[in-house]
Amino acid sequence: MSTPAAAAAGAKDESQIRQKRMIGEHFERLARARHDGRKVVYTFVPGNLTELIASFGMLSVLPEINALQSGMRGRSAAYIAEAEKSGHSEDVCTYVKCDIGMLRSGNIGPTGTKLPEPDLLLLSYTGCFTFMKWFELLREQYRCPVAMLHVPYQPDGVITPSMRAYVVDQLKNEVIPAMERVSGRRLDLDELTAQLARSAAAEDDLVAVWESARHRPSPIDGYFGGVYYVGPIFSAFRGSEEAVAYYRELRREVDARMAAGKGPATPDGTLAEERYRLVVEGPPNWTSFNDFWRMFTREGAVAVASTYTRVGGLYDTGFRHDASHPFETLADYCLGCYTNLGLPARVALLERYIREYHADGFIINSVKSCNSFSAGQLLMLRELERRTGRPGGFIESDLVDPRYFGKANIENRIQSYLQMVDARRHGGYA
Amino acid sequence: MPETHVDPCGAVLERARALVEDRSLAHVRAWKTANPGALAIGYLPIYVPRPLFEALGCLPVALFGGGDELEIVRGDSYFQSYICHIPRSTLELGLSGHLDPLDGMVFPSICDVIRNLGGMWRMLFPDRYVAYLDIPQNFDMATGGRFFAHAMREIAEALGARGAKRLDAAALRRAIGGENARRASLERLDAIRRAEPWRLRASEAYLIARAGAGLPAATHRALVDEAVEAASRRPARLIDNARVVLRGSFCEQPPLDLIRSLEKAGCDIVDDDFQLGLRTIDGEIAVGEDEDPLDALARTYLQRGVATASRYIANDVKGAALVSRVRECGADGVVFAAASFCDPALLDQPMLEAALDRASIPHTSFKFAENNAQFQTIREQAGAFSDSVKLWGAER
Ligand code: SF4
Ligand code: SF4
């Protein structure tokens with residue numbers, strides 16, 4: 001799971017230009033990594049230990065982001081075909097196959113330069129079992145060390161002392177020693193705590209951006225637009241000065257939009273009229289991202305909140321990185337990512353979003369690739385409708401496999417769903 | 001010995017089959033009647049530490065979905081088409097009352113589907129005990145072992161609050177001893193079909209092993225011993241089959257007729273991962289004299305848990321365990337039979353295939369669902385594979 005790392009089409013805000021520059025510079029640093037003697041760590045978005053990686057002066061590569069970028073750039077179909085040709089099942093996660101296919105096709109990253117090979121695979125196992133298989137597969141190719149961080153699941157939506165201790169023990173006994181070996185440096189606790197303090201500052205601003213969507217009209221789209229907003233914090237930048245500056249700027253822009261009574265930016269400019277407020281569960285489709293977004297904007301539908309934008313960290317329930325407890329806070333961060341929560345906790349969170357963001361209803365985009373998200377979503381649909389009295393819509397697609405994006409079918413479903421919302425509005429909500 | 005048409009294994013196989021087909025868990029009800037107040041706890045594949053439950057006076061009951069006989073009425077409406085079959089049939093069993101004899105359910109950490117099914121169970125059956133058992137992927141005793149032992153203690157406490165016996169070291173030692181004895185009997189059963197597959201076919205060994213899903217270890221062991229003894233009395237036959245190892249079916253189980261189809265196609269399945277939960281630990285669970293038996297349970301899992309798709313292989317080369325197993329069994333090749341949409345098995349498979357290729361071991365693969373009814377294509381594929389590996393073996 002992850003987010004696109006490029007500025008949205010349409011009007012370019014300063015923050016978008018800044019994000020694009022940050023990403024470009026990061027890929028330049030990666031391209032020079034060997035030359036500059038910097039070590040490269042491949043890791044995943046949910047439960048990423050960006051501050052720790054950066055405190056060792058190492059650079060992160062996030063294969064999920066490469067996969068979704070390949071989807072957006074129209075390359076994923078060929079990469080998936082390449083992986084399936086080499087024996088990977090059509091049934092499994094397309095992020096994995098897209099990554100494997102990209103690797104087999106020369107490992108050219110989103111900016112057109114070859115990605116450096118990893119010095120370490122940091123297998124942080126948060127919210128999804130496929131991650132473990134993914135890095136076992138990559139290890140076969142790269143033959144580099146793997147540091148495993150098994151993050152337990154929160155079946156009750158509660159972090160127990162035993163879970164936290166387990167993660168902290170692994171950080172101290174496995175992950176940090178592995179990073180010390182690879183980087184040739186000792187852990188610099190001062191640097192780590194400085195990073196963590198900056199993370200918390202950026203997180204404050206991000207939460208303010210999320211919560212702006214409680215306003216009518218919402219100045220942001222918390223799903224399609226939201227995936228751009230989480231780009232820096234979910235990827236290689238959390239804990240950096242650049243991330244702090246980006247989120248400060250983004251918050252200022254969103255506040256100004258709100259003060260001016262403006263709606264969200266969309267691929268076709270600012271949304272003129274907010275007709276539907278929706279909460280969205282599940283990842284987007286990347287191969288037809290803008291088409292998918294326009295199915296909503298054409299109808300005046302705005303996503304006021306989404307769970308996908310919480311896969312790399314759930315900050316609006318109160319968590320912030322806490323520099324005074326560096327290991328415990330890293331543990332709590334990993335444990336708290338959205339798909340690491342049991343289904344009842346996921347339903348409770350969605351219910352909260354529907355109520356607090358005054359949503360007219362909710363849409364579930366169920367992706368074929370991802371059992372972590374998808375298994376149980378049909379029960380979530382029923383349960384949320386029962387609890388909130390708001391109608392739920394259910395559509396199916398995939399992350400980066402264009403074969404599973406049935407445009408006409410999805411569009412029909414969205415339109416019938418919005419008609420249902422209208423009908424319910426006239427009937428009044430429970 | 002006079003010619004007889006009575007199969008020495010007939011009776012024990014019939015009893016095993018009745019147990020396997022007892023989807024309404026009549027035998028669990030009978031156990032509860034004989035043990036008033038005791039709890040029966042269901043669990044999903046593949047592994048939970050069964051001796052822990054027996055030490056608490058509980059009956060652990062392994063559930064393997066609904067097989068090919070159960071009609072799915074409600075289960076399908078809870079799962080998208082691209083999710084494997086076992087969660088929908090398990091839910092069907094739960095919603096239709098088949099699992100009512102169970103006082104609770106444990107969902108071990110094997111994959112995202114079983115994990116999320118645990119969450120669904122909490123929502124659909126709010127009055128029942130539901131636990132998620134996070135099995136460690138860190139194999140250091142001070143880290144993963146401590147976490148695992150704590151998770152087991154939490155289950156013991158929660159069941160204690162529902163009327164189970166208190167966790168007692170002596171009782172746990174006894175339960176571990178019982179499990180070791182069952183395991184030794186299963187090993188004898190496996191040894192027969194490895195050495196003399198004509199005496200006991202894989203489909204028969206499967207029934208005998210699976211019959212223990214809802215039996216106390218001692219009762220199951222008696223059944224296995226009876227099968228071992230009966231098999232030794234079966235007359236010898238000469239058959240020229242290919243010897244294969246089967247992998248991928250550790251969770252959702254193939255229909256029995258599919259296993260038989262492979263046999264009819266000329267494959268002797270001399271090793272498999274059906275019913276893996278009973279064989280997750282390689283060898284016996286040794287408890288040191290001064291050791292807390294709960295720690296021993298955790299330690300043996302960490303140190304001697306077998307390689308499966310849901311266990312992180314930290315230091316070994318992926319597939320090395322499978323290659324060794326093929327060689328130990330004197331197998332000619334490997335058949336991968338994974339449930340459709342099974343992430344762990346299907347993601348694992350390319351790595352295992354690569355290891356087999358490096359070792360020049362032939363393999364073939366297909367997918368199934370527990371409710372498949374047509375096996376013609378699989379049978380033809382297995383037949384061709386069996387012929388080719390025999391030829392390959394003859395040429396080597
Ligand atoms: S299964 Fe889902 S969470 Fe896991 S890697 Fe694939 S898309 Fe990401
Ligand atoms: S068959 Fe595979 S994917 Fe399905 S529940 Fe079992 S392990 Fe999970």
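Each chain gets a letter, A, B and so on, in the order its sequence line appears, and its residues count up from 1.
- Separating the CZ atom in B:Arg146 from the OH atom in A:Tyr166 is a distance of 11.0 Å, to the nearest 0.5 Å.
- With a 4.5 Å cut-off on non-hydrogen atoms, B:Leu117 does not touch chain A at all.
- The minimum heavy-atom distance linking A:His150 with B:Ile135 is given by the pair CE1-O, 3.4 Å.
- In this structure, chain A has no heavy atom under 4.5 Å from any part of B:Ala151.
- If you measure heavy-atom distances from B:Pro87 to chain A, you find no contacts under 4.5 Å at all.
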B:Arg122/A:Asp156 under side chain to side chain contact (heavy atoms under 4.5 Å, CB included): CA gap, chis, key distance, verdict: CA-CA 9 Å; B:Arg122 277 165 207 266; A:Asp156 304 311; 2.4 Å; yes
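- For B:Arg311, the part lying near chain A is the backbone, with the side chain staying farther off; criterion is any non-hydrogen pair under 4.5 Å.
- At least one donor-acceptor pair closer than 3.5 Å links the side chain of A:Glu136 to the backbone N or O of B:Ile313.
- Put simply, of B:Gln80, B:His150, B:Met120, the one with the most heavy-atom pairs under 4.5 Å next to chain A is B:Gln80.
- Just one of A:Lys133, A:Glu140, A:His88 meets the side-chain contact (heavy atoms from CB on, under 4.5 Å) condition when paired with B:Pro350; it is A:His88.
- Interface residue B:Asp348: backbone and side-chain heavy atoms are both found under 4.5 Å from chain A.
- No part of B:Leu91 comes within reach of chain A, as not one of its non-hydrogen atoms sits under 4.5 angstrom from that chain.
- In this structure, chain A has a heavy atom under 4.5 Å from the backbone of B:Ser310, while its side chain stays farther away.
- Considering CG of B:Asp112 and OG of A:Ser374, their distance stands at 10.0 Å, rounded to 0.5 Å.
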